[in-house]
Chemist: 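Structure provided below as structure tokens; questions to follow.
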Amino acid sequence: MLVAADKMLKDALEGKYAIGQFNINNLEWTKAILQAAEETKSPVILGVSEGAGKYMTGFKTVVKMVEGMVEEMGITVPVAIHLDHGSYDGALKAIDAGFTSVMFDGSHYPIEENIEKTKEIVEISHSKGISVEAEVGAIGGEEDGVVGSGEIADPEECKRIADLGIDFLAAGIGNIHGVYPENWQGLNLEVLAEIQKKVGGMPLVLHGGTGIPDDMIKESIGLGVSKINVNTECQLVFAEATRKYIEEGKDREGKGFDPRKLLKPGTDAVVKLVKEKMDLFGSSGKAE
Ligand code: 13P
């Protein structure tokens with residue numbers, strides 16, 4: 001069932017669990033994530049970056065592919081197709097193509113410009129029943145040229161963006177995309193608590209879900225995080241399983257090269273990882 005993401009996040013906030021956003025790059029990952037969601041009876045958000053959209057030939061292909069899979073795989077759990085870190089023009093294109101949810105990332109603009117553009121995207125999206133995620137500019141965590149803590153958002157600015165009527169808010173609390181550096185200082189849960197106090201009942205989004213220790217994930221959910229984005233970890237398990245398959249020479253067994261067989265171990269590894277994350281985030285069983 002294709003839906004916007006606002007209701008699933010509100011339910012998650014109330015029930016003190018989080019919905020996973022897993023980024024898709026191709027047919028195999030999309031199928032793997034939908035399979036994991038259905039088998040765990042978990043609502044799910046399929047994240048699509050502008051780059052991934054281009055790779056898949058465009059947003060329209062993505063929407064049609066997901067629509068087709070939801071129908072033909074008999075998916076009954078709520079599924080949102082969400083633009084990840086969209087530019088202003090990218091958000092408009094995604095809305096046009098039939099995405100059910102968009103992130104407009106204006107965090108690199110001065111706050112007034114971010115507010116202005118976010119407001120416009122909210123108006124257009126909400127008139128079509130599409131949910132909106134916004135991001136607040138961040139204070140760099142750089143010290144002596146070493147980024148050890150990630151970026152920290154200003155709670156006052158978070159409040160200003162939340163008040164625009166967005167559906168959920170991404171705010172930096174020391175989280176970063178990709179694998180965390182060895183000197184990473186962890187999530188700043190004090191700032192998260194401060195942000196939560198300022199924005200009231202607004203679901204918060206934790207980007208950079210790869211590599212955050214389980215106890216920190218759980219604490220952040222207790223402080224209002226209702227959506228957790230995971231991408232790199234899917235890439236890592238996919239690459240690892242594929243490498244192993246090739247190293248063992250299995251790609252050359254039998255009738256020879258078969259792309260369906262070659263991509264199966266990686267796809268299975270993504271299914272397993274996504275199910276583990278859904279259990280950890282507490283969303284498993286919430287779409288019974
Ligand atoms: P990771 O790649 O660190 O898992 O982060 C994903 C993300 O936040 C996408 O927006």
Side-chain angles (χ1 to χ4, degrees), residues 5 9 12 18-26 29-30 32-33 36 44-56 59 62 80-87 90-91 94 99-108 118 121 131-138 141 147-153 166-188 192 203-214 216-217 220-221 225-240 266 269-270 272-278 280-281 283:
L9 259 69
I19 306 293
Q21 173 191 307
F22 301 95
N23 284 45
I24 59 171
N25 286 283
N26 56 23
W29 286 33
T30 313
I33 295 159
V44 71
I45 297 172
L46 304 175
V48 184
S49 67
E50 289 190 32
K54 271 191 204 129
Y55 173 78
M56 290 182 271
F59 290 155
V62 175
I81 316 179
H82 179 75
L83 177 66
D84 190 28
H85 292 285
S87 62
F99 276 48
T100 60
S101 187
V102 292
M103 172 186 194
F104 166 62
D105 181 358
S107 63
H108 49 284
T118 301
I121 297 291
S131 51
V132 179
E133 172 179 351
E135 178 159 344
V136 169
V147 181
S149 59
E151 298 179 322
I152 312 287
I166 61 166
D167 299 289
F168 32 103
L169 175 74
I173 52 163
N175 44 324
I176 29 186
H177 293 125
V179 176
Y180 284 89
E182 273 185 25
N183 65 347
W184 183 53
Q185 288 156 20
L187 294 178
N188 190 329
L192 177 59
L204 299 172
V205 181
L206 186 61
H207 281 248
T210 294
I212 299 176
D214 291 1
M216 266 189 219
I217 292 271
S220 69
I221 293 172
V225 165
S226 315
K227 171 172 173 280
I228 301 175
N229 295 3
V230 179
N231 179 33
T232 305
E233 223 169 327
C234 293
Q235 297 179 340
L236 293 174
V237 297
F238 186 87
E240 202 41 52
V270 174
K272 183 169 172 283
L273 175 79
V274 171
K275 283 183 171 178
E276 285 165 7
K277 294 293 174 192
M278 286 168 164
L280 173 67
F281 300 165
S283 65

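One-based numbering, in listed order, for ligands and for the atoms of each.
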Chemist: Does the side chain to side chain contact (heavy atoms under 4.5 Å, CB included) test come out yes or no for E50 and L83, once each step is laid out?
Modeler: CA-CA 7 Å; E50 289 190 32; L83 177 66; 4.0 Å; yes
Chemist: Between K272 and E276, does any NZ, NE, NH1 or NH2 come within less than 4.0 Å of an OD or OE carboxylate oxygen?
Modeler: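 A salt bridge links E276 with K272.
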Chemist: Do H207 and N175 have side-chain atoms, one donor and one acceptor, less than 3.5 Å apart?
Modeler: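 Looking only at side-chain atoms, N175 and H207 do not form any donor-acceptor pair under 3.5 Å.
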Chemist: Take the angle between the ring planes of H85 and H177 and call it parallel below 30°, perpendicular above 60°, tilted in between.
Modeler: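 Geometry flag for H177 against H85: perpendicular rings.
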Chemist: Between atom CG of L169 and atom NZ of K227, what is the distance when rounded to the nearest 0.5 Å?
Modeler: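 So the gap between those two atoms works out to 10.5 Å.
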Chemist: Closest non-hydrogen protein atom to atom 3 (O) of ligand 1, residue and atom name please, with distance?
Modeler: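 Its nearest protein heavy-atom neighbour is G178 N, 2.8 Å.
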Chemist: Which of the numbered atoms in ligand 1 are below 4.0 angstrom from a heavy atom of H207?
Modeler: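 Heavy-atom distances to H207 below 4.0 Å select 8 (O), 10 (O).
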Chemist: Quick one: does N23 get an N or O within less than 3.5 Å of an N or O on ligand 1?
Modeler: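 Looking only at distances, the answer is no, because the N/O contact criterion of under 3.5 Å is not met.
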Chemist: Considering both backbone and side-chain atoms of V230, is one of its nitrogen or oxygen atoms within less than 3.5 Å of a nitrogen or oxygen in ligand 1?
Modeler: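 No, V230 has no N/O under 3.5 Å of an N/O on ligand 1.
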Chemist: How far is atom 4 (O) of ligand 1 from its nearest protein heavy atom, and which residue and atom is that?
Modeler: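 Sorting protein heavy atoms by distance from atom 4 (O) of ligand 1 puts T210 OG1, 2.5 Å first.
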Chemist: Can you report which non-hydrogen protein atom sits closest to atom 10 (O) of ligand 1, along with the distance?
Modeler: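 Atom 10 (O) of ligand 1 sits closest to the protein heavy atom D84 OD2, 2.8 Å.
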Chemist: Closer than 4.0 Å to some heavy atom of H85 - which atoms of ligand 1 meet that?
Modeler: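 Heavy-atom distances to H85 below 4.0 Å select 10 (O).
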Chemist: Can you tell which part of T232 has a heavy atom less than 4.0 Å from ligand 1: side chain, backbone, both or neither?
Modeler: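 Under 4.0 Å from ligand 1, T232 contributes backbone and side-chain atoms.
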Chemist: State the atoms of ligand 1, each with its element, that fall below the 4.0 Å cut-off from a heavy-atom position in G209.
Modeler: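 Those atoms are 4 (O), 5 (O).
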Chemist: When you measure from the heavy atoms of G208 to every atom of ligand 1, does any distance fall below 4.0 Å?
Modeler: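 Yes.
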Chemist: Quick one: side-chain hydrogen bond (donor to acceptor under 3.5 Å, both in side chains) partners of T30, sequence neighbours excluded?
Modeler: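 None.
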Chemist: For T118, what residues pass the side-chain hydrogen bond (donor to acceptor under 3.5 Å, both in side chains) criterion, not counting sequence neighbours?
Modeler: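 Applying side-chain hydrogen bond (donor to acceptor under 3.5 Å, both in side chains) to T118 gives N114.
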Chemist: To check your reading of the model: name the closest protein heavy atom to atom 7 (C) of ligand 1, its residue, and the distance in Å.
Modeler: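 Nearest neighbour among protein heavy atoms for atom 7 (C) of ligand 1, to 0.1 Å: H177 CD2, 3.3 Å.
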Chemist: Could you point out which residue of I212, V225, L187 forms a side-chain contact (heavy atoms from CB on, under 4.5 Å) with I217?
Modeler: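 Passing option: I212.
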Chemist: For ligand 1, is any non-hydrogen atom under 4.0 Å from E233's backbone (N, CA, C, O), its side chain (CB onward), both, or neither?
Modeler: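 Near ligand 1, E233 shows nothing, with every heavy atom at 4.0 Å or more.
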